[in-house]
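Single-structure report; data block below.
Values below: every heavy atom of this structure, side chains too, minus hydrogens, waters and symmetry copies. Note that the structure is predicted; figures quoted are calculated from it, not measured.
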Amino acid sequence: MEKNMKENFKKLERRVFDSLNDTDLERINYELSKIDGSTLVSGVGGSSVVSDYASKILSQKNKIITRNTEPRDFRYLDTDVYKNVLACSYSGNNLGVDVAFDNDLQHYLLASKPSEKKGVVSLNYNCSDKEKSFVSLAATLIPCSILLNYYIDNRWYRIIDDLDSYDFDFDPSCDVFEIFSGYDTSTASKYLESTMVESGIGIPVVHDKYSYIHGRSTLSTVGNNIAIFFDSGTEWDKALLEELHKYYKEVIVLNRRLAGTHVLGYKTDLFGEYNLLLECMYLTKYIAEKKQKDLSGVDYNPIVKKLYKYHGEL
């Protein structure tokens, strides 16, 4: 299959379904449930979206302290205060995983194939139809679906029922995309920010919604910008939205769709954020199409060929 964005979106739901159907979810749920104590969660690129989501899942489901961590940070963190490391990586074999596991903590790997390293607990899932894409779509959504299945107690059929597509209608030409987010929507905003940068479809700036009024609002007065607002329905969100339309070319509002998981007793609806992540995938598809770009076949910087397989010290 050629690297084709439309084809990858067309196959996205089927790839998620097949992976959930073919993976030993009971075993993964069991291993995830045993993770106890403070835990570092790590990923890079598309897998940093997965690691952000995993850190929230483990924090809420297992009632433990977690921290989403870039691989290079392991060189500078005091890892002795943590008990576990969960590395998220589609291939399971890169420098980021090696660095994350270069310590005496208990190691877990969430990947498409089992680890060959001794002492690593492998949480491997099946992906029979391999995705060819520069920007990770199925490679991001599948492990997030695996994690969500653990969160909602092995009711993965609900995930498939919620895999809708989304439509947009606006002119995406602008100087900057200003993204309004926070902890409750960080997984979705991380995907949006990294995908815009990796594909070159726009320049993103991510604002914490409250920090925005402490000087960051200046940016909207010096450029022709578009606001992308993750609406969680709070009073503060309403107050912001009443004002933002005055200062931006467009304000794109993405509503976090509640899926009933709040009945489990958690403060943050991680099913809703999963839906928001999916909506952001279709948003980047729309922007790419309008700008005649392809998220799967990106003309990337030649520096990638030289540095992507670097294996020295970080």
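Formation of a donor-acceptor pair under 3.5 Å by the Glu131 side chain with backbone atoms of Ala139 is found in this model. The main-chain N or O of Tyr191 is found under 3.5 Å from a side-chain atom of Ser194 such that the two form a donor-acceptor pair. Within the 3.5 Å criterion, the main-chain N or O of Asp237 finds a donor-acceptor partner in the side chain of Thr234. One N or O on the side chain of Lys291 and one on the backbone of Ile201 form a donor-acceptor pair closer than 3.5 Å. Of the possible donor and acceptor atoms, one in the side chain of Thr39 sits under 3.5 Å from a partner among the backbone N and O of Gly37.
Using a 4.5 Å cut-off on side-chain heavy atoms (C-beta onward), Thr140 and Met281 make contact. The closest side-chain heavy-atom distance from Leu40 to Leu77 is below 4.5 Å. Contact check for Val251 versus Leu241: side-chain heavy atoms found under the 4.5 Å cut-off. Inter-residue side-chain proximity for Thr187 and Tyr274 is flagged as unmet; no heavy-atom pair is nearer than 4.5 Å. Taking the side chain as every heavy atom from C-beta outward, Gln60 and Leu270 approach each other to under 4.5 Å. The side-chain heavy atoms of Tyr53 and Asn68, taken from C-beta on, include no pair separated by under 4.5 Å.
Judged by the 6.0 Å distance and 45° axis criteria, Lys117 is not positioned over the aromatic ring of Phe101. Taking the centre and axis of the six-membered ring of Tyr151, the NZ or CZ atom of Lys56 falls outside the cone set by 45° and 6.0 Å.
Between the CD atom of Glu242 and the NE2 atom of His245 there is a distance of 9.5 Å, given to the nearest 0.5 Å. We find the CG-CD distance between Asp36 and Gln106 to be 12.0 Å, quoted to the nearest 0.5 Å. If you take CG on Leu123 and CG on Leu110, they are separated by 6.0 Å, rounding to the nearest 0.5 Å. Here CG of Leu86 is found 9.5 Å from OG of Ser55. Values are rounded to the nearest 0.5 Å. Here the OG atom belonging to Ser211 is positioned 7.0 Å from the CZ atom belonging to Arg216, to the nearest 0.5 angstrom. The CZ atom of Phe271 sits 5.0 Å away from atom CG of Leu148, with the distance rounded to the nearest 0.5 Å.
Taking the six-membered ring for Trp and the full ring otherwise, Tyr286 and Tyr166 have centroids separated by 6.0 Å or more. Under the 6.0 Å cut-off for aromatic ring centres, Tyr300 and Phe134 qualify, their centroids lying closer than that. Taking the six-membered ring for Trp and the full ring otherwise, the centers of Tyr150 and Trp156 sit at least 6.0 Å from each other.
For the residue pair Asn8 / Ser296, a side-chain donor-acceptor distance below 3.5 Å is found, with atom types taken as modelled. A side-chain donor from one of Tyr248 and Glu178 sits under 3.5 Å from a side-chain acceptor of the other. A donor-acceptor pair shorter than 3.5 Å can be found between the side chains of Asn154 and Asn149. Side chain to side chain, Ser181 and Thr185 meet the donor-acceptor criterion of an N or O pair below 3.5 Å. In this model, a donor atom of one side chain and an acceptor atom of the other lie less than 3.5 Å apart for Asn94 and Ser89. Asp18 and Ser128 share no donor-acceptor pair across their side chains, judged by distance under 3.5 Å alone. With 3.5 Å as the limit, one finds no donor-acceptor pair spanning the side chains of Asn103 and Thr79.
Under the 4.0 Å criterion applied to side-chain N and carboxylate O atoms, Asp294 and Lys6 are not assigned as salt-bridge partners. Taking a cutoff of 4.0 Å between a charged side-chain nitrogen and a carboxylate oxygen, Lys285 and Glu289 qualify as a salt bridge. A salt bridge is defined here as a Lys NZ or Arg NE, NH1 or NH2 lying under 4.0 Å from an Asp or Glu carboxylate O, and Lys238 with Glu235 fails to meet this definition. For the pair Lys61 and Asp153, the salt-bridge criterion is met [side-chain N within less than 4.0 Å of a carboxylate O]. A salt bridge does not link Glu193 with Lys190: none of the charged nitrogens is closer than 4.0 Å to a carboxylate oxygen. Comment: Arg14 does not engage Asp129 in a salt bridge, judged by the lack of any side-chain N to carboxylate O separation of less than 4.0 angstrom. Salt-bridge check for Lys290 with Asp171: failed, with every basic side-chain N at 4.0 Å or more from each acidic carboxylate O.
Ring geometry for Phe180 against Phe229 counts as tilted: the plane angle lies between 30° and 60°, on a 0 to 90° scale.
Leu25 and Ile160 end up in the same hydrophobic cluster when Ile, Leu, Val, Met, Phe, Trp and Tyr side chains are linked at under 4.5 Å.
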